[in-house]
There are 2 protein chains.
Amino acid sequence: MTETLLSARNLAFELYEVLDAEALTRRERFAEHSRETFDAALTTARTIAEKYFAPHNRKGDENEPRYENGEAVLIPEVKPAVDAFLEAGFLNANRDFEAGGMQLPTLLSQACFAHFQAANAGTTAYPFLTMGAANLIESFGTEEQKRLFLQPMIEGRFFGTMALTEPHAGSSLADIRTRAEPAADGSYRLRGNKIFISGGDHPLSENIVHMVLAKLPDAPPGVKGISLFIVPKFLVNADGSLGPRNDVTLAGLFHKMGWRGTTSTALNFGDNGQCVGYLVGKPHQGLACMFQMMNEARIGVGMGAVMLGYAGYLYSLDYARQRPQGRPLDNKDPSTPAVPIIAHADVKRMLLAQKAYVEGAFDLGLYAARLFDDTQTAGTPEARQQAHELLDLLTPIVKSWPSEFCLKANELAIQILGGHGYTREYPVEQYYRDNRLNPIHEGTHGIQSLDLLGRKLAQNGGAGLKQLVRLIAGTCERAHQHPQLDALRQPLEQLLNRLQGVTLGLLGDMATGKVNLALANSALYMKAFGHCVIGWRWLEQAIRAEQGLATASEADHDFYKGKLQAARFFLTWEVPPCHNDLALLEARDDTCPGMQEGWF
Amino acid sequence: MTETLLSARNLAFELYEVLDAEALTRRERFAEHSRETFDAALTTARTIAEKYFAPHNRKGDENEPRYENGEAVLIPEVKPAVDAFLEAGFLNANRDFEAGGMQLPTLLSQACFAHFQAANAGTTAYPFLTMGAANLIESFGTEEQKRLFLQPMIEGRFFGTMALTEPHAGSSLADIRTRAEPAADGSYRLRGNKIFISGGDHPLSENIVHMVLAKLPDAPPGVKGISLFIVPKFLVNADGSLGPRNDVTLAGLFHKMGWRGTTSTALNFGDNGQCVGYLVGKPHQGLACMFQMMNEARIGVGMGAVMLGYAGYLYSLDYARQRPQGRPLDNKDPSTPAVPIIAHADVKRMLLAQKAYVEGAFDLGLYAARLFDDTQTAGTPEARQQAHELLDLLTPIVKSWPSEFCLKANELAIQILGGHGYTREYPVEQYYRDNRLNPIHEGTHGIQSLDLLGRKLAQNGGAGLKQLVRLIAGTCERAHQHPQLDALRQPLEQLLNRLQGVTLGLLGDMATGKVNLALANSALYMKAFGHCVIGWRWLEQAIRAEQGLATASEADHDFYKGKLQAARFFLTWEVPPCHNDLALLEARDDTCPGMQEGWF
């Protein structure tokens, strides 16, 4: 049977050959798990994703949420899907057994979740947002807040959102205007407008818990004056029962290019001065709290981008195998039968590029999830700290690289299907439209590049960077021992060496006040850095494939050969052009900042 | 006032500074024209495009044609727009005065038409297809066919289509199955199914004239057995009046990702065995005839891709000027006011890239139109032949380069608008969706690259290529005389030199039977070749700008500085990475053809 969401063989390769998921079962927290329980969870995820999520993916696109009497109305297929997800326990995949969770490693919960992301980005967003909001309350909420809001979220009765963006301030959170006035009872009264709030209204849960950024009256200006609040759609009584409607109104829905299954809302807080909110964490510390959620969200967004790319890749691969058209270029005899288009070199190029982007990013996303597990459960505090530093550094890449290159994969999938790919009778154009959101939300591409170059590199004295360089060098060293892999090692090593020099130079410039020019070409830097990371992950995959080949069955032999060819594609086609980016960075090229506004 | 379709200053620069449109008025055919008549035509085009085409661009997208009782129903705004276009004479802009035309050079008619392409791709397609079909009958039709079909098309009473694609054969015309049997009266009876026929049905004209490819009973196999037929929706009596409905039925409409204003139809010919067609040109010569239309269509498609890119660029530029957000990177004081986002280096990068793509491709499209004029009206047969050879060579680039890079411009426009750009409340996401068709129709990207490398380069003993190399070298020579331009000349010259070596090597391989490997990476070749051509056009623009600066007014000074900066961006950011493509071509890299189907 053709796989439509992801390749189970590739997932097993990642989990058990590359990332050694079984080693996690030797940690106390996961001691009751085994490869069998992992695989059972994955099978459940795939089954539910195929049965409840995939079938209404197109319908959700064609019937976007409607605004009716102040509420958002969805197609009826969404609720049973989300219910099946909840019932199978995926909302709490990582939570303790005692809290009703599956106590799975994040590596596994992310792998489970990937199936839903591939099947239906729109519907999957509702539980995704809820998980993020719940984790936030778990980390920073009071016991009372946990009882009243977190517990019903864990039970799937309340859903969550993150409400950051305001009409005049998208990326610039420093400038938000939503205000929170203290009330006599210790709660707050909020007033302000938020836009682009995903899942900001829907009929899927009893209540919706908005995690809202706002400013207290005594707030210092800028990001240091932002506080975090719980603002429920319905107030919650002390016994946990629902109270009256809070003063949060759905001002309208946005109509998007894609990802239409998820409501994107404009919310008004406190139109009547009665919007009740509860402070989470300390005053003015809201952004730091929110960043925990955002960092998780960014990894999730990256994986979402991967999975839309993956679904498009698999669809176009299947199409290319089935669709006969044309003949080999050296065969001019029209009486011979047409060949499947996968036989054409240019179609192979488009498939191989998709495979290289999608499977490279898939590996990185799962690697990041594995790192997250290490931050929680690695054997020593040092190991946990190290994982934390490396994950921090990689987060902008985990988010942005798939958003750019798995989107590019979607473009190639459309191209392989030709005129058919351009019609809505086939799914690939929707994958592109859905995926186009990913370089925008949860921190735009530009924001990620500034986060990487202007913040993450120098964090903790550059500890994350040093670790990464050591890891990549180690991989190169191991590849060097396989004569077949040496040609793949070289371009990576050359890129890494030059990237290190560029990095030191730019950090030096920033330290000496030349911030604007050092950061001007952050997009180029992120491109080269990202390709270095993905090139590294491909070399790791290639080493495992080379090892696997020795004892492989026939089917596995083909699988490993495909891995080696995709690694070759990435490392010899995609990595060398990054030297152009580095050359511009070395020259501190000022073409872009030097362009005057009046010259456009 | 903000310009929304294209920059009038840039258009004037192209016409009167770069391409010397006034020189055309010294040719006999255009002797009655002058810069004044040219400008009057352009003003009319802009006025009608703004008044009748642009306002329903979004509405046409949101209300795609409906299938009702065997007919396609459009929104009511389309007809008045097309009527205004017809009334102003743009359908016959190039035709003789005596035939009711404006006798404009193609350079000018293309420039006029560009306004409509920017304003509304969907509505503009109807007259565009009609012009192509009319030209085909004019070139190859009998006098009777011209009287019965061409004349009403010129009068705007009949519209046209080109009906090539069949369900089982998209790019592979060799495999079409539509048959044409000779009838006793000298006409033919057609039977077959066509898909993706743009404008295949609509209520805009009295009749629709389909130009259909089909095979005669004695046809040799493959493309040498294809004939061309006129198949009208309504039969036409000998006196020109409409007869009964022909046996052509609208089987259905396709629902596309974008370009929704244009009906994309499935047409059945001869379901009842009564589909009357008339042979155009000689039997089995249909593809050669159709290629005339396709070559014009490809230049038109390229310009269409440019103009969607242009509209997106202008919109995002205006947005970036208006939208305040964030502060300079070296200003951490949140109490200072936010700056317009155009002040941020990364936003400038995205604007400058759009400008480089869009204005580079705009120049090339108009240059191609100017060449077309030379094929018709240059002073000597040799000059006409030369223009023909060069245009033939450039056609795949004129079609494919904007389809790829002005589409990329559309992606950047969305990114600049952020979350807003992703909503359908703003026009930029539609520009992307509309433009996404262009790398697919009228010969996919892959087909164009094979046309370039496998056919056009060697045509006429490589005469077109030799000419192009001479022209680029001449431009480099002139740039060498401006010290300020030398840094821009160098990357172009380096690329040109290496490209020549690669080209000779690949042509040699093809001549010695190594066709498959020589053509395997045709996509890389087309990328490098296209960038060389656009780099050349940017260097030409830079020379004119440098000359213009000497005596420029203040506004012109800014305009020329912008040109120089965009040239710098293209030549120093975009051109050097092509060496990676050439290195892979030099190595006859077999990563893609070497990927086995079973390895995916």
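Letters A, B, ... are given to chains in the order of the sequence lines, protein chains preceding strands, and every chain is numbered from 1.
Contacts between A:Ile195 and chain B at a heavy-atom distance below 4.5 Å involve the side chain alone, from C-beta outward. Using a 4.5 Å cut-off between heavy atoms, A:Tyr560 does not touch chain B at all. Within the 4.5 angstrom heavy-atom criterion, no atom of B:Ser264 approaches chain A. With a threshold of 4.5 angstrom between heavy atoms, B:Leu524 approaches chain A through side-chain atoms but not through N, CA, C or O. Of the two parts of B:Leu584, only the side chain, counted from C-beta on, holds a non-hydrogen atom closer than 4.5 Å to a non-hydrogen atom of chain A. No part of B:His579 comes within reach of chain A, as not one of its non-hydrogen atoms sits under 4.5 angstrom from that chain. Looking at A:Pro337, neither its backbone nor its side chain comes within 4.5 Å of chain B, counting heavy atoms on both sides. Proximity to chain B (any heavy atom under 4.5 Å) is shown, for A:Arg9, by neither the backbone nor the side chain. Using a 4.5 Å cut-off between heavy atoms, A:Leu173 makes no contact with chain B at all. Looking at A:Gln354, there are no atoms closer than 4.5 Å to chain B (heavy atoms on both sides), in backbone or side chain. Contacts of A:Pro324 with chain B are made by backbone atoms alone, with heavy-atom separations under 4.5 Å and no side-chain atom involved. A:Tyr313 touches chain B through its side chain: at least one heavy atom from C-beta onward sits under 4.5 Å away, while N, CA, C and O do not. If you measure heavy-atom distances from A:Ala566 to chain B, you find no contacts under 4.5 Å at all. For A:Ser449, no part sits under 4.5 Å from any heavy atom of chain B, backbone or side chain. Heavy atoms closer than 4.5 Å to chain B are found in both the backbone and the side chain of A:Lys561.
With chain A as the partner, the residue from B:Ile341, B:Leu437, B:Thr165 showing the most heavy-atom pairs under 4.5 Å is B:Leu437. Chain A forms the most heavy-atom pairs under 4.5 Å with one residue out of B:Val515, B:Val223, B:Leu317, B:Ile440, and that residue is B:Ile440. Ranked by heavy-atom pairs shorter than 4.5 Å toward chain A, the options B:Ala174, B:Pro439, B:Ser7, B:Ser335 are led by B:Pro439. Taking chain A as the reference chain and counting heavy-atom pairs below 4.5 Å, the highest number among B:Val347, B:Asp581, B:Asn10, B:Asn521 is found for B:Asn521. Counting heavy-atom pairs under 4.5 Å between each of B:Gly598, B:Gly513, B:Ala338 and chain A puts B:Gly598 at the top.
Side-chain contact between A:Trp599 and B:Leu564 is absent, with no heavy-atom pair separated by less than 4.5 Å. At least one side-chain heavy atom of A:Thr444 sits less than 4.5 Å from a side-chain heavy atom of B:Gln415. When side chains are defined from C-beta on, A:Arg433 counts as touching B:Arg433, because their heavy atoms get closer than 4.5 Å. With a 4.5 Å cut-off on side-chain heavy atoms, B:Asn580 and A:Asn580 count as touching. Between A:Glu62 and B:His255 there is no side-chain heavy-atom pair separated by less than 4.5 Å.
With hydrogens and angles ignored, the 3.5 Å screen pairs a side-chain donor or acceptor of B:Arg436 with a backbone N or O of A:Glu411. With hydrogens and angles disregarded, a donor-acceptor distance shorter than 3.5 Å links the side chain of A:Gln565 to the backbone of B:Thr591.
Across A:Met595 and B:Lys348, no two heavy atoms sit closer than the pair O-NZ, 3.0 Å. When every heavy atom of A:Ala523 is checked against every heavy atom of B:Arg349, the shortest pair comes out as CB-NE, 3.4 Å. Minimum interatomic distance between A:Gly258 and B:Tyr422 (heavy atoms only, all atoms of both residues): C-OH, 3.1 Å. In terms of heavy atoms, A:Glu597 sits closest to B:Arg321 at O-NH1, 2.9 Å. The two residues A:Phe600 and B:Leu352 have their closest heavy-atom pair at CE2-N, 3.7 Å. For the pair A:Ser172 and B:Arg327, the tightest heavy-atom approach, listed with the atom from each and the gap, is OG-NH1, 4.1 Å.
Taking the six-membered ring for Trp and the full ring otherwise, B:Phe196 and A:His420 have centroids separated by under 6.0 Å.
Separation of atoms CG (A:Asp175) and CD (B:Gln325) is listed at 7.5 Å; rounding is to 0.5 Å.
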Dump the intermediate steps for side chain to side chain contact (heavy atoms under 4.5 Å, CB included) on A:Ile414 and B:Met257, then the final yes or no.
CA-CA 10 Å; A:Ile414 294 173; B:Met257 179 188 199; 4.2 Å; yes
Derivation and outcome, side chain to side chain contact (heavy atoms under 4.5 Å, CB included), residues A:Arg424 and B:Glu64
CA-CA 12 Å; A:Arg424 309 203 299 280; B:Glu64 63 188 337; 2.4 Å; yes
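A salt bridge links A:Asp590 with B:Arg568: the closest approach of a Lys/Arg side-chain nitrogen to an acidic carboxylate oxygen falls below 4.0 angstrom.
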